[in-house]
Amino acid sequence: MDPKISEKAWNPELEKEILKQWDEEKIYDFTPQDDNFTIDTPPPYPSGRPWHIGAAAHYSQIDMIARTARMAGKNVYFPIGIDRNGLPVELYTEKKHKIRMRETERGEFLNLCREALDDLEAEMILIMKSLGLSGDFTNYYRTDSEEYRTLTQSTFIDLWKKGKVYLANRPNNYDWVSGTTIADAEIIYEDLSTKLVYMKFKIKDTDKEIIIASTRPELLCACKTIIVNPEDERYTQYIGEKIIVPITNAEVELRTHHSAQQEFGSGAVMVCSYGDQNDVALFRELELEEIVAIGLDGRMTKVAGEYTGLKPKQARTKIIEDLETKGFLEKTEDIVHRTPVSERSKAPIEIIPMEEYYLKQKKAVPKMKDLGQEIEFHPPMHKQILMNWLESINIDWPISRRRYYGTEIPIWYCKKCSEPHVPEPGKYYKPWNEKCPISNCTKCDSTEFVGEERTFDTWMDSSVSPLFISKFNRDDEFFKKVYPASIRPQAKDIVRTWLYYTLLRCEQLTGKKPWSEAWVMGYGLDEKGMKMSKSKGNAIDPLPVIEKLGADTFRFWSASEINHGYDFRCNEQKIETTKKFLSKLWNVSRFLSSFPVIESGKPSATDEWILSELDKLVKECKKGYEAYNFFIPAIAIREFTWNVFAAHYIEMVKARAYGIEFSDEERDGAIFTLHKTLSTILKLLAPITPFITEHLWKELYSKDSIHKEKHAEPENIEEQSNVTKEISEFNSKVWNEKKSQNLSLKDSIKIEIPESLEPFKKDLKSMHNLLD
RNA sequence: GGGCUCAUGGUCCAGAUCGGUUAUGACGUCGCCCUUACACGGCGAAAAUCCGGGGUUCAAAUCCCCGUGGGCCCA
């Protein structure tokens, strides 16, 4: 009886062949029906090489969602997209070609960006395909396509007409390196070392002075008041006094405010426009008149007097020197300061009053909270990230950006009266490069217009992904069938951006929530538990790993190592050792391929025992798959296949399956059970390791793809877990005994079989060559 | 300062809303073994006072409180 499968190990090269078959057989094609399972797949952003290994794990798991749903009998719509709008590619292009965006002709710069994106995108698509993603690659979408940008602009025009957009001049987070406003959500905090400068401020008409500590002495020229804590007794006597600001000699008032911390510096704080968000709040609350000390070029403005034109950091150094020579400097201290920086350029942000477009969101918060409650989160704990974010929203969403590579804001202004004009939706507009489609100004009838040059925040594009994939405004029939989507899989770190903005925008545009479930995955960290980044040098390139070990090994690692929702560590060696399980599965299948597949058989006590354990496994997997938690089935399947099925059951029935000293009926019971168990294992594993299961399935059980099968259903067989324990204990006992007597495993030995294992006596005897 | 989350052999992790025998498994280490699926294997061994303290209970890795330390997020 030669095994039908002859190769001794799973060869990952076979994956390429299988991919081709899937392609030819079109087994993942989607035709909308009345009831569909739509996955709002995250379009990854090609921002540079290499792609993140955590992302590869993430997309593997998203595919497991698709396959799980498919095997549950759902009609799965699994679109694939690439997000191509935004700042990172601009920075990448500037670096790659050693150019500056603002010194390059806009059209030319956009072309360079597009080329860079095409390159990076090709690698991502290659990785996603190699991973076996069962998505729609033939129609994959790009967020910078004409069609997508038309949607972004149309939805903006719609919201504009509904009065949800307004222009306002406000202190804004300004990233002067990128030359653009950024949203609060794009700010991160970094601990940077800086100097805390203790300055002497004279109290007017006295010879007394107070000390004020600040990390931003260059903003002295924008200082409007000094605050102290109302409970700080050191300053009680000076409240209401005029204080002379060093260098500028301006007079400001000393007031009390609870936000001044007594422990920080001297307890007295200078309030300037704008050192930080607290300054913004204070200027608003105390109705102070703002002074713009830093311009859009990131340099000091003329109010800075002799420091005009310097960058804030240069001005700081110089002003510290001047304070010292003029006797205003008490001391300086080196401190580490949590500094708000731009997430993308890493430059410290400045707060500068600027005119930007805003999308109303403050009033929508209660509604968003309700929607958030309606959405089922996997795992449930991550709903809290959204709720915390909603709790902290206190300004509307600034949506305009002073960048090039993004969807253009479709507005033209009348040259004469500046009235803004928004065109009709349904077309992609580039106002910086196109004539205004409106012939006369609606206000003054003038015929000359100026196009808006700014673009949208990229989340304006990303936040309509459920509308794009469902062909909103393009195909009503399709839209009705696939919207709202079923599930939004995404990473934990963009809950407050992508997840939240999608909720907001889709509700504003359709009145409905965009999906009923949200599936949130943790971060991929390095082997020490630190965040991976290119600058730290601890990033792992997923492509060579996948090429070397194969997608299934990588996928099984991802499922068995990542407890859903928690952060996970990536370790190449760990991934490699995962391969052992696939080898085990392969060799179990190779052994079974020696026996004919038979449809039925009369199971013996041993067979019934393993079938009860198998049924337990089916139940366990079902629990995991229903929550889209692949950690549960992966661990359970590995444990069962390796440590129960292969280690004990197969060894017990080997002789019976060969028919040595057993009747045909007994033999067939074993063969039937072996195949039933293996075929069930393959089906249980199919969503996690689609390649090897497909190959073995076709070798052993069917011409048709395993991915057209339905999930195995529990048969509710009574549990026999105690038997498992007794069997494995007995087997260990025999093995140990033989070892201590220096016997080979095939040698005979005399050991009493416990009474409880009486039903398994014949199998155990043949397994261990036990003497009566 | 607030929130979420984690802490179990050298390393990673299970023990999930339901407290209950000797705390699961993998990686690594060591020893033995070619046994007609597999040496990418099998068997065996060593290795954990379950972060600390307190409480509830007949019973706590598990529940509660306090603390310590890490990660992430927000301010």
Are any of A:Lys746's side-chain N or O atoms less than 4.0 Å away from OP1 or OP2 of B:rC33? no
Value in whole Å for how far the P atom of B:rC72 lies from CZ of A:Phe568: 14 Å
With rounding to whole Å, what would you report as the distance between B:rC63 and B:rG1 at their C1' atoms? 29 Å
For B:rC43 and B:rC34, measure between their P atoms and round to the nearest Å. 15 Å
Polar atom pairs (N or O), protein with nucleotides 1-3 of chain B, under 3.5 Å:
| from | atom 1 | to | atom 2 | distance (Å) |
| --- | --- | --- | --- | --- |
| B:rG3 | O2' | A:Asn388 | ND2 | 2.7 |

Charged N-O contact under 4.0 Å between A:Glu576 and A:Lys579: no
What is the distance, rounded to the nearest whole Å, between atom CG of A:Asn11 and atom P of B:rC40? 15 Å
In whole Å, I'd like the distance from the CZ atom of A:Phe377 to the P atom of B:rU17. 21 Å
Can you tell me which nucleotide in B:rA39, B:rA26, B:rG71 comes closest to the side chain of A:Asp567? B:rG71
Audit row: A:Lys762, A:Glu661, salt bridge (Lys or Arg N to Asp or Glu O under 4.0 Å) steps and yes/no: CA-CA 10 Å; A:Lys762 207 173 169 189; A:Glu661 291 177 27; over 6 Å; no
Can a side chain N or O of A:Ser732 be found less than 4.0 Å away from OP1 or OP2 on B:rG44? yes
Considering Watson-Crick and G-U wobble pairs with both distances under 3.5 Å, what does B:rU17 pair with? none
Determine the contact category for A:Phe640: base if any of its heavy atoms lies under 4.0 Å from a base atom, sugar-phosphate if only primed atoms, P, OP1 or OP2 are that close, otherwise nothing. nothing
Phosphate OP1/OP2 of B:rA37 contacted by A:Lys654 side-chain N/O (<4.0 Å): yes
Please collect all salt bridge (charged side-chain N to carboxylate O under 4.0 Å, His left out) contacts where either partner lies in residues 369-389 of chain A, sequence neighbours excluded, each pair once. A:Lys369-A:Glu391, A:Glu374-A:Lys513
So, OP1 or OP2 of B:rG41: does either fall under 4.0 Å of a side-chain N or O from A:Lys580? yes
Taking only the P atom of each, what is the distance from B:rU8 to B:rA48 in whole angstrom? 14 Å
What's the gap between B:rC30 and B:rG10 when it is taken at their C1' atoms, as a whole Å value? 13 Å
Pairing partner of B:rC4 (Watson-Crick or G-U wobble, both distances under 3.5 Å): B:rG71
Could you tell me if A:Lys654 sits above the aromatic ring of A:Phe591, with its cationic atom closer than 6.0 Å to the ring centre and no more than 45 degrees from the axis? yes
Grab the NZ-C1' distance between A:Lys574 and B:rC13 for me, whole Å please. 7 Å
One thing to verify: whether A:Arg216 and A:Asp279 come together as a salt bridge, which I'm taking to mean a side-chain N less than 4.0 angstrom from a carboxylate O. no
Provide the distance between the two C1' atoms, one in B:rG2 and one in B:rU62, to the nearest whole Å. 28 Å
Whole angstroms only, please: what is the CD1-P distance between A:Ile575 and B:rU11? 20 Å
Of the listed nucleotides B:rG28, B:rA37, B:rC43, the one nearest the side chain of A:Thr577: B:rG28
Would you indicate what A:Lys739 reaches in the nucleic acid, counting non-hydrogen atoms under 4.0 angstrom: base, sugar-phosphate, or nothing? base
Between A:Glu376 (CD) and B:rU17 (P), how many Å, whole number? 18 Å
Rounded distance (Å) that lies between atom P of B:rU36 and atom CD of A:Glu651: 10 Å
A:Met381 atom CE is separated from B:rC6 atom P, nearest whole Å, by 6 Å
Regarding A:Trp397 and A:Asp457, do their side chains bring together a donor and an acceptor under 3.5 Å, going by distance alone? yes
Using a distance-only test with no angle check, is there a side-chain donor-acceptor pair under 3.5 angstrom linking A:Ser604 and A:Glu666? no
Is any side-chain nitrogen or oxygen of A:Tyr566 closer than 4.0 Å to OP1 or OP2 of B:rC6? yes
Tell me the partner of B:rU22, counting only Watson-Crick (N1-N3 plus N6-O4 or O6-N4) or G-U wobble (N1-O2 and O6-N3) with both under 3.5 Å; none if nothing fits. none
Would you mind pulling out the nucleotide paired to B:rC30, Watson-Crick or G-U wobble, both distances under 3.5 Å? B:rG44
Where is the tightest heavy-atom contact between A:Pro714 and A:Lys619, given as atom of each residue plus distance? CB-CG, 3.7 Å
Check the phosphate of B:rG42 against A:Lys584, side-chain N and O only, distance under 4.0 Å to OP1 or OP2. Yes or no? yes
Using atom C1' in both nucleotides, what's the gap between B:rC27 and B:rG20 to the nearest angstrom? 31 Å
Side chain of A:Glu639 only, heavy atoms from C-beta on: which candidate in B:rG25, B:rA37, B:rU35 is closest? B:rG25
Would you indicate what A:Trp642 reaches in the nucleic acid, counting non-hydrogen atoms under 4.0 angstrom: base, sugar-phosphate, or nothing? sugar-phosphate
Using the C1' atom as the point on both nucleotides, what is the distance between B:rU21 and B:rC38, in whole Å? 35 Å
Base, sugar-phosphate alone, or nothing: which one does A:Asn629 contact when heavy atoms must sit under 4.0 Å apart? base
List the residues meeting ring-ring contact (aromatic ring centres under 6.0 Å, His included) with A:His382, not counting sequence neighbours, and say none if there are none. none
Nearest-nucleotide wise, let me know which of A:Leu592 and A:Ile635 is further upstream toward the 5' end of RNA chain B. A:Ile635
In whole Å, what separates the P atom of B:rU24 from that of B:rU35? 31 Å
Can you tell me the pairing partner of B:rG9 across any strand shown, Watson-Crick or G-U wobble, with both distances under 3.5 angstrom? none
Against A:Asp607, only a single residue in A:Arg656, A:Lys676, A:Arg667 fulfils salt bridge (charged side-chain N to carboxylate O under 4.0 Å, His left out); can you say which? A:Arg656
Select from A:Arg590 and A:Ile385 the residue whose nearest nucleotide in RNA chain B is closer to the 5' end of that strand. A:Arg590
